Amino acid sequence: MTSTVITNIGELTTHDEQPVRHDAAIVIEGATIAWVGEATRAPSADHHVDLAGRAVIPGFVDSHSHLVFAGDRSAEFEARMTGTPYGAGGIRTTVAATRAATDEQLTSHVARLVREMRHQGTTSLEIKSGYGLTTRDEARSLAIARQFTEDTTFLGAHVVPADTDPATYVDLVTGAMLEAAAPYATWIDVFCERGAFDADQARQILRAGAAHGLKGRLHANQLGLGPGVQLACELGLVAVDHCTFLDDADISALADSGTIATLLPGVEFSTRQPYPDARDLLDRGVTVAIASDCNPGSCYTSSMPFCLAVAVRDMGMSPAEALWSATAGGAAALGRSDVGSLRVGDRADLAVLEAPSFVHLAYRPGVPLVTQTWLGGRPVL
Ligand SMILES: [Zn+2]
């Protein structure tokens, strides 16, 4: 097995018992971290990489994205930002374009976005379906997503398509569509929000998914208060995403259940909505993850460093808390223990920063600080 020693790491964040080290080194054997410690005590290896004082962090784990789509909605964004009424159909525009696209077009678009993510230090990601909304288009969206990650999520319950009624559509999502999607999916998700799916429908859809071996997640409490967060906690889901509007009982339920609150700062940024209060969640013992929610409608950023900077600036998180949430927090939200940290035995997924400290991710927003991304022990950039 080939080994590589990386030395002269100015600041190394591992999330182990000594979370941040200075003048550090790591040894990678194959795809795995084999040794972590002071640079002066580093063992020798087949290959040697000198980072000249740069900081190293675990690769970002983006636990929430919607990358399988076609079409462009920049006009809708422009209208939203300029206060001009916009007539086109939002998500329906994307659904129509996605259905019309070929497999090759969809695949190369996902590949481009994943490449974009790699350039910004993301090493693990989740990808949802949800812009097909027919049995054929949901299944092929997931088959395409599967080429890029094992963490694929069936989100047939994104919105009820215009040409059908809710009861008929829930039957489809829990029936033939689920049957066709399940072979390509690890997770099942529901947009549990007023105007989308209610708590009873969400429960029914998640239960049907579980019967096909799919683990549940939820989009909840994005646009207002609602039952989604407490449903996620009651069902013991690993994570519930958005959590923008929470009341006291929601926060207590999150703290008591251990269900992770995945916050998506890019959404509030891109829609000019109020941010979730991450500070309050952390102070009350809730585990917080940060993800991009990269999608063509409410948030078209693929940048975890950007989301981290917004979380620090506008959600009351410290740089260290935001980094944890965007790496180890994201891993926890996907039920992964081998990524999101750089302990001995973890997968050697890491990002090298053109900076002396990870704090620069928030201190220098919008600057492309990731100079190398390593995936399974090899640089991919
Ligand atoms: Zn989403």
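Numbering of ligands and ligand atoms starts at 1, following listing order. Every value quoted in this text rests on a predicted model; they were computed, and no experiment measured them.
By the 6.0 Å contact criterion, CZ on R313 is open, its count of non-hydrogen atoms from other residues, nucleotides or ligands being 12 or less.
The number of protein N, O or S atoms lying under 2.8 Å from the Zn ion (ligand 1) is 4.
The list of side chain to side chain donor-acceptor pair (under 3.5 Å) pairs with a residue in residues 342-356, not counting sequence neighbours, reads R54-E354, S341-R343, S341-D346, R343-D346, R347-D349.
Without hydrogens or angle criteria, N8 side chain to L51 main chain gives no donor-acceptor distance under 3.5 Å. Within the 3.5 Å criterion, the main-chain N or O of A25 finds no donor-acceptor partner in the side chain of E38.
Residues satisfying the salt bridge (Lys or Arg N to Asp or Glu O under 4.0 Å) test with D338, not counting sequence neighbours, are R336. Partners of F191 by ring-ring contact (aromatic ring centres under 6.0 Å, His included), not counting sequence neighbours, listed by chain and number: H219.
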